[in-house]
Amino acid sequence: MTYLFKKAAVAMAASCALLLAACGGGQEESGAGSEDKKVLNVGTEATFAPFEFMDKGEVSGFDVDLLNAAAEEAGYEVDIQNTGWDAMLAGLQSGQLDIGMSGITITDERKETYDFSVPYFESVTMIVYKEGTNIAAAEDLKGKKVGVQNGTTGQFAAESIIGQNNSSISKYETAALMFQALQSGDVEAVVTDIAVALEYEKSNPDAGVKTITDDQFAPEYYGIAFPKGSEYKPEFDEALNTLYENGTYAEIYKKWFEEEPDMETLKQ
Ligand code: ARG
């Protein structure tokens, strides 16, 4: 310790003695007044990297960073739990959850049951298949064993080609189980969201998979989901718009996707 530094430390200790409460508060991560912040209950299905996945027992990912930033902006704290997909949707319907943050695509049908924030990410459906499987276009899913995450737009996309209630489609509770089925050979292809497909391909270089998308898959937009009539929706819309304007969204986007976001796609 240099002399000057020591002197400063002594001076700081002295003022801490005078201002005990203030210095004590400074030790904590969140500043004074944070106890007053309302904690919102958030559900997710955390096997959907890079949007949400478990990292050392914590839910991590693009969605987590974005939601934390939006909550901070709106003056809330969020408690994000890996509830699973179905429980998340049920929790939103019953009002037990305040927010669903899970790469959830805004669809007209879902809008009947939930409220959504302004869009925060553009996505499109992608097919991930085992090398050697003859798939050059979406139509080639016909006659193949296909895996999807139950109740997702990947399922709806697969059904739009193969048909509903077709036994060649296997539905899995989580995105992780869907990818495991591809790995083990239980299915020949899975249908999921582009960024998740590319992340899987990148982080499993030995899995021997290929990815393809198709013009017949329309762009989709993710939104934060709320129970119908939620008071929080307008506040989070405003917060998201602030993050779009002040560059925070772009920063979070670059951290996870290593490129600049196309902000135009979010203005629709
Ligand atoms: N975007 C798709 C949908 O809304 C898939 C979302 C799946 N999310 C997840 N965390 N597993 O249906």
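Any value given below was found using the heavy atoms of this structure, including those in side chains, with hydrogens, waters and symmetry copies removed. Start at 1 and go down the list; that is how both ligands and their atoms are numbered.
- Between Lys144 and Asp140 no salt bridge is recorded (no basic side-chain N to carboxylate O distance below 4.0 Å).
- The immediate protein surroundings of ligand 1, defined as residues with any heavy atom under 4.0 Å of it, consist of Glu45, Phe48, Glu52, Trp85, Ser102, Gly103, Ile104, Thr105, Arg110, Gln149, Thr152, Thr153, Asp193, Tyr222.
- Other residues, nucleotides and ligands place no more than 12 heavy atoms under 6.0 Å from the CD atom of Glu173.
- For the residue pair Lys233/Tyr114, the side-chain donor-acceptor check at 3.5 Å is not satisfied.
- Sorted by first and then second residue, the salt bridge (Lys or Arg N to Asp or Glu O under 4.0 Å) pairs involving residues 53-76 (not counting sequence neighbours) are Asp65-Lys255.
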Check: Where do Glu220 and Ser123 land on the side chain to side chain donor-acceptor pair (under 3.5 Å) test, with the steps shown first?
Finding: CA-CA 5 Å; Glu220 304 181 6; Ser123 179; 5.0 Å; no
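- Remark: the Glu109 side chain and the Thr107 side chain contain no N/O donor-acceptor pair separated by less than 3.5 Å.
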